Amino acid sequence: MEDKVKFELEFVIQSSPQLLYQYLSTPSGLSEWFADNVNSRGERFMFIWDGSEEVAVLLKRKSDEFVRFAWEYNEDDSYFEMRIIVDEITSDVSLFITDFAEEDELDEAKMLWENQVSDLKQILGST
């Protein structure tokens with residue numbers, strides 16, 4: 001199995017960190033932009049796309065700051081994290097994505113995040 005490559009993306013989002021966090025950390029918020037439907041039982045989140053289900057475990061979270069998930073099927077230490085960064089000087093809010101992908105799928109993975117975050121921005125009125 002090929003080693004996955006870590007990548008990071010940053011998106012400026014016009015939203016309060018508190019509102020943005022709700023869209024990153026709750027099944028109802030994630031259902032609006034990340035997947036077709038999201039259910040959770042404790043720390044296990046079931047993400048549903050086009051009828052197929054993927055399960056991720058919530059590894060860490062800090063209110064209004066970040067959430068970190070790992071796909072249950074992963075056999076490595078990879079994860080995906082959505083972190084809210086507020087610029088101390090300008091108060092601009094950024095969404096920082098950290099994820100892992102196999103090298104030959106890197107561009108596709110980045111494009112997927114860009115599309116998902118574009119949906120999120122539309123919902124937040126941050127286009």
Side-chain angles (χ1 to χ4, degrees):
M1 188 174 111
E2 206 178 314
D3 278 345
K4 291 183 180 174
V5 178
K6 181 179 181 178
F7 66 92
E8 296 177 326
L9 301 168
E10 183 177 7
F11 303 92
V12 175
I13 307 246
Q14 286 145 5
S15 168
S16 73
Q18 296 79 13
L19 179 62
L20 181 54
Y21 184 76
Q22 295 305 308
Y23 282 94
L24 306 180
S25 63
T26 65
S28 61
L30 287 161
S31 293
E32 290 203 42
W33 69 279
F34 189 74
D36 297 338
N37 196 10
V38 181
N39 299 305
S40 70
R41 245 184 235 111
E43 306 297 296
R44 293 181 80 236
F45 282 67
M46 284 67 77
F47 294 91
I48 299 158
W49 290 276
D50 297 326
S52 81
E53 185 177 290
E54 302 285 351
V55 178
V57 177
L58 180 62
L59 299 177
K60 288 183 180 176
R61 81 163 111 207
K62 186 167 183 190
S63 196
D64 302 338
E65 288 190 28
F66 77 93
V67 289
R68 179 182 289 183
F69 292 95
W71 295 113
E72 218 172 46
Y73 59 77
N74 277 358
E75 294 176 11
D76 54 26
D77 293 333
S78 65
Y79 59 87
F80 65 99
E81 181 178 279
M82 298 176 277
R83 182 174 293 272
I84 300 166
I85 308 284
V86 181
D87 186 290
E88 289 179 22
I89 297 166
T90 63
S91 296
D92 287 346
V93 175
S94 292
L95 176 59
F96 224 85
I97 306 289
T98 303
D99 199 358
F100 293 79
E102 293 184 11
E103 196 142 359
D104 60 342
E105 296 173 357
L106 203 53
D107 290 339
E108 191 180 317
K110 287 180 180 178
M111 199 180 329
L112 184 65
W113 275 112
E114 286 166 8
N115 290 336
Q116 304 292 77
V117 173
S118 175
D119 290 349
L120 174 62
K121 284 179 158 187
Q122 279 194 309
I123 290 162
L124 290 167
S126 172
T127 51

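Worth knowing before you read on, the calculation uses all heavy atoms, side chains too, and leaves out hydrogens, waters and symmetry mates. As the structure is a prediction and not an experimental result, all values here were calculated from the model.
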Quick one: do T98 and R83 satisfy side chain to side chain contact (heavy atoms under 4.5 Å, CB included)? Show the steps, please.
CA-CA 8 Å; T98 303; R83 182 174 293 272; over 6 Å; no
Evaluate the side chain to side chain contact (heavy atoms under 4.5 Å, CB included) criterion for residues M82 and L30: first the C-alpha distance (whole Å), next the side-chain angles of each, then the deciding distance (0.1 Å), finally the verdict.
CA-CA 12 Å; M82 298 176 277; L30 287 161; 4.2 Å; yes
Report the C-alpha distance between Y79 and N74 in whole Å, list the side-chain angles of each, state the deciding distance to 0.1 Å, and finish with yes or no for side chain to side chain contact (heavy atoms under 4.5 Å, CB included).
CA-CA 9 Å; Y79 59 87; N74 277 358; over 6 Å; no
Check the pair W71, F100 against ring-ring contact (aromatic ring centres under 6.0 Å, His included), reporting the backbone distance first and the verdict last.
CA-CA 11 Å; W71 295 113; F100 293 79; over 10 Å; no
Before you tell me yes or no, could you show the steps for W113 and F34 under ring-ring contact (aromatic ring centres under 6.0 Å, His included), namely the whole-Å CA-CA distance, both residues' side-chain angles and the distance that decides it to 0.1 Å?
CA-CA 9 Å; W113 275 112; F34 189 74; 5.5 Å; yes
Check step by step if side chain to side chain contact (heavy atoms under 4.5 Å, CB included) holds for L120 and L20.
CA-CA 9 Å; L120 174 62; L20 181 54; 3.8 Å; yes
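By the 4.5 Å heavy-atom criterion applied to side chains, V117 and I13 are counted as neighbours.
Not a single side-chain hydrogen bond (donor to acceptor under 3.5 Å, both in side chains) links W33 to another residue, sequence neighbours left out. With sequence neighbours left out, E72 forms a salt bridge (charged side-chain N to carboxylate O under 4.0 Å, His left out) with R44. With sequence neighbours left out, the side-chain hydrogen bond (donor to acceptor under 3.5 Å, both in side chains) criterion links T90 to D87, D92. S94 pairs by the side-chain hydrogen bond (donor to acceptor under 3.5 Å, both in side chains) definition with E10, not counting sequence neighbours. Residues passing the side chain to side chain contact (heavy atoms under 4.5 Å, CB included) test with I48, sequence neighbours excluded: N37, N39, E53.
Within a 6.0 Å radius of CD in Q18, other residues, nucleotides and ligands contribute more than 12 heavy atoms.
Ring-plane geometry between F80 and F69 is classed as parallel, the angle between the planes falling under 30 degrees on a 0 to 90 degree scale with a further cut at 60.
L124 and F96 are members of different hydrophobic clusters when ILVMFWY side chains are connected at heavy-atom separations under 4.5 Å. Linking Ile, Leu, Val, Met, Phe, Trp and Tyr residues whenever their side-chain heavy atoms come within less than 4.5 Å places L106 and L9 in a single cluster. Both F11 and F7 are members of a single hydrophobic cluster when ILVMFWY side chains are connected at heavy-atom separations under 4.5 Å.
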Listed pairs under 3.5 Å, donor-acceptor, residues 56-66 side chains, sequence neighbours left out:
none

